[in-house]
There are 2 protein chains.
Amino acid sequence: MTIGVDQERLVNEIEELALISDAEAPAVTRIVFTPTDLKARAWLIARCEKAGLAVRQDPIGNIFARWTGSDPSLAAVGTGSHIDAIPNAGKYDGVVGVLGGLEAIRSLRDSGFRPKRSIELLLFTSEEPTRFGIGCLGSRLLSGTLSADAARKLLDKAGASIEEVRRNAGFQGSLEEVRLPDGYYKAFVELHIEQGPLLEQQKIPLGIVTKIAAPASLRFSIAGVGGHAGAVLMPDRRDALCAAAELILAIESAARTSGAVDTVATVGICEVFPGAVNSIPSRVDLTVDIRDTNLERRDAVMLAIQAARQTVAVRRQVPIHEELLNADAPAQCDPSITETLSQCCVKHQLAFIPMVSRAYHDSLFMSRTAPVAMLFIPCRNGYSHRPDEYASREDIGRGVTVLAEALATLAA
Amino acid sequence: MTIGVDQERLVNEIEELALISDAEAPAVTRIVFTPTDLKARAWLIARCEKAGLAVRQDPIGNIFARWTGSDPSLAAVGTGSHIDAIPNAGKYDGVVGVLGGLEAIRSLRDSGFRPKRSIELLLFTSEEPTRFGIGCLGSRLLSGTLSADAARKLLDKAGASIEEVRRNAGFQGSLEEVRLPDGYYKAFVELHIEQGPLLEQQKIPLGIVTKIAAPASLRFSIAGVGGHAGAVLMPDRRDALCAAAELILAIESAARTSGAVDTVATVGICEVFPGAVNSIPSRVDLTVDIRDTNLERRDAVMLAIQAARQTVAVRRQVPIHEELLNADAPAQCDPSITETLSQCCVKHQLAFIPMVSRAYHDSLFMSRTAPVAMLFIPCRNGYSHRPDEYASREDIGRGVTVLAEALATLAA
């Protein structure tokens, strides 16, 4: 069997999908269950059907596109990722895993290969936390990490419940039905851009992920006292934004002094109310994202941040409310799948290194219901979640070739 | 002549106007030239016409409602304020000066008084900087502080020019026509809530303003480097929000250590891009408002802030672009008008104190084309620009009584 990945077709599809966006090109914005997201999903389904795959969608909108194997009673082999994109992001992030997975399946079929196990392409709903404040919504529900009851409590920024939003988007049925039965997948492999600079710096085309870092996120709501910017003197102020500034610097410092370079903490959202030039901020909402490959160290950093919150709140006399949005454990990839990936790299004479995924992915949650592994390809400067995110067609092609080889091996 | 201010009618009007708002009661949001602002203006014009005043509007939307005096050739006596309101503000701010001015005129007429000089109620366009980033747009143009050419360069947040916005709102003619001829007003008196706590704390019903503090505002745009919150390690980051946090604290510190309690500095706007929980902030825009009663001290604080900007930019390697939005000189009130106001207080047996206005007002700019003074009444806790801003009907009534007495004296 010779796998012939059609790089041209794949890159054209990546470009085409990038135009289904709420941002001006080259930026991509695709928020879950917006008209743009629904349009992108319809576009993907049409591509999958054209490739002869049987498509089904579950009540949260996860899309399964199946190439039925010669023995459909066997557990399937899965691959896939997400196509939702944070505001002003790039074209490649989850898209390479979805369209690359589709191309891997097409190239296998074109090569004459016929799988014994079914091979299934998966599109996960809302890997990005943009709309509901929680990442990996689809894979959390698939893996039972998030219960249907807990999911039903989620609201978007406009106050709409997930039930309302998904049903308006056309996804019926009960969220209880989303959970996959144990043993549904024999293996799940996610192809992804690295989102970091290591592969590029070391000029190595492939990374085989052995561990996925543990993410946690917190929301702080700082309740200051508003007032007129001219009339309230400095000693009388309880400025919510000044308190936020201290907390932001304390969060940065906690991550920097954890004792390991693997610790990162980010305040990505800082919303100021009322938000007028001549008004003292009365409230600031911050969202903090904390990650580490080591769970204990990450939790120690969270404790340091929580202590800083206390200090700032007391010294400035501004109450700071804290909400833990999520705190997930890190995942280990399955050694037999990573071994398969290594052998596929060797077969195609492609260099690879074992890696840690510092970004989290749907595979983190899929690891709780199936053996998983991830395959990384380089991206320019390590940039991701930006309009200038970029992976070359050659690097994408190499990733898809190894993915196809691995799917064939696992499904044979 | 006995001036009988109808407190009931006035308070009912204040409540009625508060309902023309883009925020949920009791909050008031009224941004210049929005449908809501235009509705409020139409409501006011109807009230003025019902009171028998001759109404005209200039090309920037300043409204003049005139009670023609027995000698129309004499310079008029003016009073008034604004009705635009920042997001989530209160009912009283500029409204007391507008509706209080109208009530003063009505009560004078009801008392049988007939003025020699015309008395004119003025509604200034866009005292608040919310939409165009510059406060006192109407009075700056009236007084020639802002040239028509400079005004035409102003854009709102959506990128619409002031020419486009005002013409769409129905205000035709050239902005050059807005400038008042010198000597148009013999005197201008603005009634306003204090927006600070002093009158309430000292249980004194009236403040006569002798000086208006000098405001300045700056905009900083901090250009960091975005990226994925999981993948970029801490030492490699150029986080725009962490840089903003340092700058915010430096601004607070510069105001606190100026050597005088009269210095205030506020960061009221902090906008973070892209604004996603898992994305390192690539850009932050801050707007800073700096005020002092002493021009040199204010400028020294601005220099300290500009130095902090340099330090932060260099240490964090993030370029910080600075734009000076405005830097106005403080104003002195006219001694003969403040003396008139004092005599009116004495006549009505009302206690008063001389005061500094720390907030700025249209009177600051009107002082460049006319002799001005301001009359303050207490507001609860000194709160302003908040939904719980409050002035009692009795305090408002006392202010309007003294205003009416002063208008009568000045126009006799």
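So that the names make sense, note that chain A is the first sequence line, chain B the second, and so on, each numbered from 1. Just so it is clear, the values below take in all heavy atoms, side chains as well, and ignore hydrogens, waters and symmetry mates.
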When only pairs under 4.5 Å are counted, which of [options] shares the most heavy-atom pairs with chain B?
options                                : result
A:Gly226, A:Pro235, A:Ala276, A:Ala213 : A:Ala276
A:Arg256, A:Glu128, A:His385, A:Glu194 : A:His385
A:Ser357, A:Gly196, A:Pro129           : A:Pro129
A:Ile86, A:Asn278, A:Leu198, A:Val261  : A:Asn278
A:Thr130, A:Thr287, A:Ile280, A:Val267 : A:Val267

With a 4.5 angstrom heavy-atom cut-off, is it the side chain or the backbone of A:Ala229 that approaches chain B, or both, or neither? both
If one checks every heavy atom of A:Glu246 against chain B at 4.5 Å, the contacting part turns out to be both
Can you tell which part of B:Thr29 gets under 4.5 Å to a heavy atom of chain A, answering side chain, backbone, both or neither? neither
Part of B:Val225 lying under 4.5 Å from any heavy atom of chain A: both
Run through A:Ile377, A:Leu199, A:Val95 and flag the one making a side chain to side chain contact (heavy atoms under 4.5 Å, CB included) with A:Ile193. A:Ile377
Between B:Asp362 and B:Ser139, do the side chains contain a donor N or O and an acceptor N or O under 3.5 Å apart? yes
Side chains of B:Asn326 and B:Ser217, donor plus acceptor under 3.5 Å: yes
Just give me the residue among [options] that pairs up with chain A most often, heavy atom to heavy atom, under 4.5 Å.
options                      : value
B:Val272, B:Leu241, B:Asn88  : B:Leu241
B:Val232, B:Leu233, B:Asp289 : B:Leu233
B:Pro215, B:Ala265, B:Ala240 : B:Ala265
B:Arg219, B:His228, B:Arg358 : B:His228

Look at the side chain of B:Ser258 and the backbone N and O of B:Val301, then say whether any donor-acceptor pair between them is shorter than 3.5 Å. no
Mark yes or no for whether A:Asp292, through its side chain, and A:Leu295, through its backbone, hold a donor-acceptor pair below 3.5 Å. no
Should [X] and [Y] count as side-chain neighbours, where that means a heavy-atom distance under 4.5 Å?
X        : Y        : answer
B:Phe132 : B:Val32  : yes
A:Ile134 : A:Leu325 : no
A:Cys242 : A:Arg316 : yes

Once you measure the plane-to-plane angle for B:Tyr360 and B:Phe365, does it fall in the parallel (<30°), tilted (30-60°) or perpendicular (>60°) bin? perpendicular
